[in-house]
Amino acid sequence: MKIALCGNPNVGKTTLFNRLTRSDEPVGNWHGVTVDVRTKKLKADVYISDLPGAYSLSARTPEEAITRDHILFGDYDVIVYVAEVNNLRRNLYMFMQLAELNRNVVLAVNMMDEARGKIDLTLLSSRLGVPVIGTSVKDKNPKSMILSAAQVAADKKPKKPDYVYDGAVKKLAVSLQSGAANAGLTSEFVALKVMERDEYIAERGGHKLNDCDSCSACACDMDAPARLRYRYIDGILSGVADNMSVPTGTLKLDKIALGKLALPIFLLVMAAVFVITFELGKPISNLLAGLIERAQGLVVRADLPQWVSSLLSDGIVGGVGAVLAFLPQVVLIFLLTAILQDSGYMSRVAFLTDDFFKKFGLNGRAAFSVVLGLGCSATAVLTTRGISGEGARRRAAFATPFCPCSARLAVFTAISAYFGLSGFAVAAMYILGFISALVVLKVMQTISHCEAEDDEFIMEMPPYRVPRLKRVVSVVWHNVLSFLARVGSVVLMVSIIMWVLCSFSVARGFTGGVEDSIMCTLSSLIAPMFAPLGFGSWRAVAALISGVAAKETVVSVIGALGGMGEVFGSRAAAVSFMIFTSLYVPCVATLSAIAKENGIKSALLSVCVHTLVAYACSLIYYQAAIGYAADRGIFFIVLACVATGLVAVVAVIKIIQARRRKVARA
């Protein structure tokens, strides 16, 4: 048996999938967390797939198209449709389309523990003609209950909604019977989609919307199918679900969170996240750094051959340990963002930033990609699939990696700790990355001469919840494991490679020193290019090169090459390096994600644009710093650097627009 889990976004599909299969797939309180199909074995000969969230089988985004195609043309025996108990009316809209398709369905009413009123699942099952079960994270694993319901549903079709016998629908369905049958669809479903002017399903059903001489479908009221479905749903729910009103606490909090003080509150919340991350994690990081130094000392004092001692001490313990020392800060930022996500606040941020992002050709859903980018840029790029409009999606995927990920946080905290910088210096790197992303978006929007492509912004607004410990721990654990996996694989591999390149000479083999090493020779060739930025040493360049594989390795390479004092000659040079690291070419995993979403040309362009922006910002900062205040006002100098860059970009935009007007007049 093959089972598919589907439903609207934010109804708990992936949480249910994780419980059923004992998996640890990422979950979240917004649309777009699941962007692809995940399939696991539920038991012997039974497989279950988690489909991306969708509001309708008329797809508006790529992940909704994936769900549509799997439901329409997949070989699933049963579809388990997950609905949230407090939003049954809206959730059942897509369920009605499954009934129109005559699919074998189980309705799983989720979050029963949060029901705001009484609900009669038995009556609901009788009216829909399908098995209906109630699920909750507070109950035992519902595997046996879902399997039993799936067995019943496999031999039972849902009741056809009575509106499919409506005069206009029935008349059109008769004319579409042949084409619908060839596509494996019901004529009633295709008829309703033709009335909605869904070009994809209409053509699959053998009907072209631009060739409607045989019917008056395209002249129909496009909203008629929605009215028919909701009228039927209201009848179904009458006497089934009572008193499902929004909690007064949520309404009161929304007056504050979405009111006049919404933006200051958001900025304060994000500032608190960064200050807590940096200040609270610093003592633990210092403790770990001390333990790693002791481990290195034990290796050095051991009776081992010189090259083995060097490999273990500098290449492995020093390289990997330099990154692990800043794990506390990484864990804290994962924890704090997970709490914000699970509380329901992040969905409010999407609505809060919608108008702002529309000025850059996107919508509020881009806020989710930005927040996820704080953890992993590659994941953030993939979640841009939730943004409607191909152009907007491509621009978001291109610009999102400017927002620093958790790997870059290790670099910021290491440099800040060594040079005695405050948490505001780290916060400045994130502000710089965010503003750089907006500047790039604006330039791309101006050059392509486009406006926001997603006029309709549909997003779940879940009630405020006290974050559940189990769910928060699950999210943090998943992210930390991913981070540690990179440390244990990519960082370890790069650390060993860099040790070889820094410890061996082409002419003399192992030397134990770095001055005549292979890496010294190679990095010295391009190091002069970075002299105007303050870090023209081959050691700094070697660290940057390693960062292309994974940004965590920048810290490990700096440690292996003598530490901060050896790599940077001054605090101003170190901050300039931080700026460059926060903006330059994304890691290989992120570039692969960009290539997957936008194509290889976009990935190559990303390398060029990120590097040029990083170079320009570092150059402006360093030259200003050595000329005015190398040791003071770092935060304000960075902001001045950004302002200067913005003025330059705006000037370029104005020149482009003036040139266009001139060409248009000609």
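Quick note: numbers below take in every heavy atom, side chains included, and nothing from hydrogens, waters or symmetry partners.
Considering only heavy atoms from C-beta on, I558 stays 4.5 Å or farther from R539 through its side chain. Under the 4.5 Å side-chain criterion, counting only non-hydrogen atoms from C-beta, T590 is in contact with C587. Side-chain contact check for C405 versus S377: some heavy-atom pair is nearer than 4.5 Å. Put simply, the side chain of V439 does not reach to within 4.5 Å of the side chain of V613, judged on heavy atoms. Residues S58 and K193 form a side-chain contact, since some pair of their non-hydrogen atoms from C-beta on lies under 4.5 Å apart. Residues Y55 and R60 are not in side-chain contact: their nearest non-hydrogen atoms beyond the backbone lie 4.5 Å or more apart. Residues S618 and M578 fail the side-chain proximity criterion, which asks for heavy atoms closer than 4.5 Å. Between S606 and V585, the closest side-chain pair of non-hydrogen atoms is not below 4.5 Å.
Residues satisfying the side-chain contact (heavy atoms from CB on, under 4.5 Å) criterion with I71, sequence neighbours excluded, are C6, L51, L57, T67, I79, M94, L98, L101. Here A65 pairs with A59, R68 under the side-chain contact (heavy atoms from CB on, under 4.5 Å) rule; sequence neighbours left out. Applying the ring-ring contact (aromatic ring centres under 6.0 Å, His included) test to F398 and every residue at least two apart in sequence or in another chain returns nothing. In terms of the side-chain contact (heavy atoms from CB on, under 4.5 Å) criterion, residue partners of T581 (sequence neighbours excluded) are, by chain and number, V411, L544, F577, Y584. Residues forming a side-chain hydrogen bond (donor to acceptor under 3.5 Å, both in side chains) with S546 (at least two apart in sequence, or on another chain): T553. The side-chain contact (heavy atoms from CB on, under 4.5 Å) search around L522 returns I518, not counting sequence neighbours. Among residues two or more places apart in sequence or in another chain, the side-chain hydrogen bond (donor to acceptor under 3.5 Å, both in side chains) test is passed with S49 by T39. For F530, the ring-ring contact (aromatic ring centres under 6.0 Å, His included) partners two or more places apart in sequence, or in a different chain, are F535, F580. Scored by the side-chain hydrogen bond (donor to acceptor under 3.5 Å, both in side chains) test, S576 finds no partners at all (sequence neighbours excluded). The side-chain hydrogen bond (donor to acceptor under 3.5 Å, both in side chains) test applied to T21 returns S23, not counting sequence neighbours. Residues meeting the ring-ring contact (aromatic ring centres under 6.0 Å, His included) test with Y615, sequence neighbours left out: none.
Listed here is the closest heavy atom pair of R408 and S582: NE-O, 3.4 Å. The two atoms that bring V554 and A543 nearest to each other are CG2-O, 3.5 Å, heavy atoms only. Minimum heavy-atom separation, I594 to S602: CG2-OG, 3.8 Å. Here the shortest heavy-atom pairing between A572 and A625 reads CB-CB, 4.0 Å. Taking every heavy atom of both residues into account, A397 and V381 meet most closely at O-CG2, 3.7 Å. Here the closest non-hydrogen pair linking P586 and K551 is C-NZ, 3.4 Å.
With rounding to the nearest 0.5 angstrom, the CG atom of L533 is 10.5 Å from the SG atom of C617. Distance check: M429 CE to T413 OG1 gives 12.5 Å after rounding to the nearest 0.5 Å. Put simply, CG on D50 and OG1 on T14 are 4.0 Å apart, with the number rounded to the nearest 0.5 Å. Separating the SG atom in C520 from the CH2 atom in W538 is a distance of 5.0 Å, to the nearest 0.5 Å.
Note: F412 and Y430 have perpendicular aromatic rings, judged against thresholds of 30 and 60 degrees for the angle between ring planes.
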Where do I415 and V555 land on the side chain to side chain contact (heavy atoms under 4.5 Å, CB included) test, with the steps shown first?
CA-CA 9 Å; I415 294 176; V555 178; over 6 Å; no
Might you work through the side chain to side chain contact (heavy atoms under 4.5 Å, CB included) test for H610 and L583, ending with a clear yes or no?
CA-CA 6 Å; H610 276 77; L583 300 175; 5.9 Å; no
Could you go through the side chain to side chain contact (heavy atoms under 4.5 Å, CB included) check for L332 and V273 one step at a time?
CA-CA 9 Å; L332 278 172; V273 167; over 6 Å; no
May I have the step-by-step check of side chain to side chain contact (heavy atoms under 4.5 Å, CB included) for Y76 and H70, ending in yes or no?
CA-CA 8 Å; Y76 296 106; H70 273 260; 2.8 Å; yes
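Salt bridge D75/K2: present, at least one basic N to carboxylate O contact under 4.0 Å.
Q623 places no side-chain N or O within donor-acceptor distance of the main-chain N or O of L619, the cut-off being under 3.5 Å. No side-chain donor-acceptor contact under 3.5 Å links K596 to the backbone of S592. In this structure, K13 contributes its side chain and N8 its backbone to a donor-acceptor pair below 3.5 Å. A donor-acceptor distance shorter than 3.5 angstrom exists from the side chain of R394 to the backbone of N598, with no hydrogens or angles considered.
Applying the ring-ring contact (aromatic ring centres under 6.0 Å, His included) test to residues at least two apart or on different chains, none of the pairs has a partner in residues 588-607.
In this structure, R204 forms a cation-pi arrangement with F73, its terminal cationic atom sitting closer than 6.0 Å to the ring centre and no more than 45° off the ring axis.
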